[in-house]
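Keep in mind that this is a model prediction, so the values were computed, not measured.
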Amino acid sequence: MTEIDTSVPHSARIWNYWLGGKDNYPVDEAAGDAYTAVFPGIVTIARSSRAFLGRTIRYLVEDAGLRQFLDVGTGLPTVDNTHEVAQRSAPEAKIVYVDNDPLVLAHARALLTSTPEGATAYEDLNLYDPDRILEAAGKTLDLTRPTGLILSGILGHVADYDQARDLVTRLLAGLPSGSYLSLNEGSRGTDPDYEQAQDAYNETGAVPYFLRPVDQIEAYFEGLELVEPGVVSVPLWRPDAAGSQPEPIGQHGGVGRKP
């Protein structure tokens, strides 16, 4: 197992810190605080991304009728992980988590709690190997049945945009008609302070994350049938409070159905 390096800030641990979690180290807190000093709104972005994930999973379970999910780039366990949200509405739901981060692997037990009716599994695999991901997922999920593919804030770590799109295409190719993609990513062109903070973070030696223009995030859904309201700033995607008008932020996402 790869040793966990606590001397360099780590994106999953910093994200965990912004979400209010405890799976982080002083170097991550320092990097997180340096980031928020430039752009305090990153805490809202982290928490809004998490809330978007929860709303999309509830939609996929309760409205689309899905009962199985493939969550690639899981990140550290926090509150309302994919299986917790899905099994709250459908106890028989099955979830496969995929990540290749040694720290996430060390905490994977928290992702493997499940209702007796359902199932969860964790696969220590790399986003860049979609064929192996699909093969491993098929041990727990029936990939001849509609499946929810979750890509939450992971594709920004892929430096080459064309490669990122190809990975989405290859993962979706292994899922049948009636499957869905829930995706959200940090967006460029929405907030200069956000871009400045992210660009500075990328120079720290940590694994970089690349903000992308909204039209590039929209293109991840090419060939899919977008669920209303389409690809939008994540607080605007079917907000919980009826009649509420949340403020848009630099994180965009949507849900699409594979025809």
Side-chain angles (χ1 to χ4, degrees), residues 8-19 24 28 31-32 34-36 38-39 41-53 56 70-76 78 82 97-101 103-104 125-130 133 149-172 181-222 224 231-235 237 248-256:
V8 176
H10 187 285
S11 59
R13 299 193 308 246
I14 297 169
W15 198 255
N16 176 269
Y17 174 56
W18 288 330
L19 287 173
N24 47 75
D28 308 305
Y35 198 119
T36 57
V38 178
F39 179 60
I42 190 60
V43 175
T44 298
I45 283 177
R47 296 179 181 183
S48 297
S49 172
R50 195 73 183 179
F52 167 85
L53 174 65
T56 63
L70 175 57
D71 186 335
V72 181
T74 302
L76 287 164
T78 54
T82 296
Y97 293 105
V98 177
D99 210 309
N100 73 327
D101 184 319
L103 187 67
V104 177
L125 291 170
N126 195 306
L127 169 67
Y128 296 96
D129 199 348
I133 288 173
L149 173 62
I150 309 296
L151 296 171
S152 183
I154 182 65
L155 294 172
H157 290 299
V158 181
D160 183 272
Y161 173 66
D162 290 336
Q163 183 178 27
R165 282 195 63 181
D166 181 64
L167 292 169
V168 177
T169 299
R170 290 170 63 190
L171 285 167
L172 285 169
L181 170 66
S182 166
L183 178 150
N184 75 98
E185 291 290 333
S187 47
R188 186 170 285 277
T190 54
D191 191 320
D193 290 340
Y194 183 20
E195 295 169 22
Q196 179 185 344
Q198 188 61 50
D199 292 344
Y201 171 83
N202 288 351
E203 297 297 321
T204 64
V207 176
Y209 182 90
F210 300 96
L211 305 178
R212 294 202 157 106
V214 175
D215 63 340
Q216 291 190 356
I217 298 173
E218 291 172 338
Y220 288 130
F221 293 89
E222 184 176 358
L224 304 182
V231 176
V232 295
S233 181
V234 293
W237 198 92
I249 59 175
Q251 187 85 5
H252 281 68
V255 174

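The shortest heavy-atom contact between Ile14 and Ala31 is CD1-CB, 3.7 Å. Minimum heavy-atom separation, Pro130 to Leu167: CD-CD2, 3.9 Å. For the pair Ile217 and Ser187, the tightest heavy-atom approach, listed with the atom from each and the gap, is CD1-CB, 3.9 Å. Of all non-hydrogen atoms in Ala197 and Tyr35, the two that sit nearest each other are CB-CE2, 3.4 Å. Residues Ala46 and Leu19 come closest through the heavy atom pair O-CD2, 3.5 Å. Nearest heavy atom pair, residue Gln251 against residue Ser49, reads NE2-OG, 3.8 Å.
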Run the numbers on Trp237 and Thr56 for side-chain contact (heavy atoms from CB on, under 4.5 Å), then give the verdict.
-> CA-CA 9 Å; Trp237 198 92; Thr56 63; 3.8 Å; yes
Let me see the working for Val158 and Tyr128 under side-chain contact (heavy atoms from CB on, under 4.5 Å), right down to the final yes or no.
-> CA-CA 9 Å; Val158 181; Tyr128 296 96; 3.6 Å; yes
Can Leu125 and Asn100 be said to form a side-chain contact (heavy atoms from CB on, under 4.5 Å), step by step?
-> CA-CA 5 Å; Leu125 291 170; Asn100 73 327; 5.9 Å; no
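In this structure, CG in Leu76 is found 8.5 Å from CG in Asn24, a value given to the nearest 0.5 Å. Here Asp28 contributes atom CG and Asn16 contributes atom CG; the two are 8.5 Å apart, rounded to the nearest 0.5 Å. Atom CD1 of Ile154 sits about 7.5 Å away from atom OG of Ser11, to the nearest 0.5 Å. In this structure, CG on Leu183 lies 9.5 Å from CD1 on Ile150, to the nearest 0.5 angstrom. Atom CG of Leu211 is separated from atom CG of Asn202 by 7.5 Å, given to the nearest 0.5 angstrom. With rounding to the nearest 0.5 Å, the separation of CG in Asp99 from CG in Asp71 is 9.0 Å.
With sequence neighbours left out, Val43 forms a side chain to side chain contact (heavy atoms under 4.5 Å, CB included) with Trp18, Thr36, Arg47. Under the rule for a side chain to side chain contact (heavy atoms under 4.5 Å, CB included), the partners of Asp166 that lie at least two apart in sequence or sit in another chain are Arg170. Among residues two or more places apart in sequence or in another chain, the side chain to side chain contact (heavy atoms under 4.5 Å, CB included) test is passed with Val207 by His157. By the ring-ring contact (aromatic ring centres under 6.0 Å, His included) test, Phe210 is found to be paired with no residue, residues two or more places apart in sequence or in another chain being considered. For Asp199, the side-chain hydrogen bond (donor to acceptor under 3.5 Å, both in side chains) partners two or more places apart in sequence, or in a different chain, are Arg188. Residues satisfying the ring-ring contact (aromatic ring centres under 6.0 Å, His included) test with Tyr194, not counting sequence neighbours, are Phe39. Arg50 pairs by the salt bridge (Lys or Arg N to Asp or Glu O under 4.0 Å) definition with nothing, not counting sequence neighbours. Applying the ring-ring contact (aromatic ring centres under 6.0 Å, His included) criterion to Tyr97, with sequence neighbours excluded, gives His83. Taking the ring-ring contact (aromatic ring centres under 6.0 Å, His included) definition, one finds that Tyr161 meets it with Tyr220, sequence neighbours left out. Partners of Ser152 under the side-chain hydrogen bond (donor to acceptor under 3.5 Å, both in side chains) rule, at least two apart in sequence or in another chain, are Asn184. Residues that satisfy the salt bridge (Lys or Arg N to Asp or Glu O under 4.0 Å) test with Asp193, not counting sequence neighbours, are absent from this structure. Remark: Ala51 pairs with Arg55 by the side chain to side chain contact (heavy atoms under 4.5 Å, CB included) rule, at least two apart or across chains.
At least one donor-acceptor pair closer than 3.5 Å links the side chain of Ser233 to the backbone N or O of Ile249. Panel note: side chain Glu185, backbone Gly156; a donor-acceptor pair is recorded below 3.5 Å. Arg212 places a side-chain N or O within donor-acceptor distance of the main-chain N or O of Leu155, the cut-off being under 3.5 Å.
Contact annotation: the side chain of Leu172 approaches that of Leu224 to within less than 4.5 Å [non-hydrogen atoms, C-beta and beyond].
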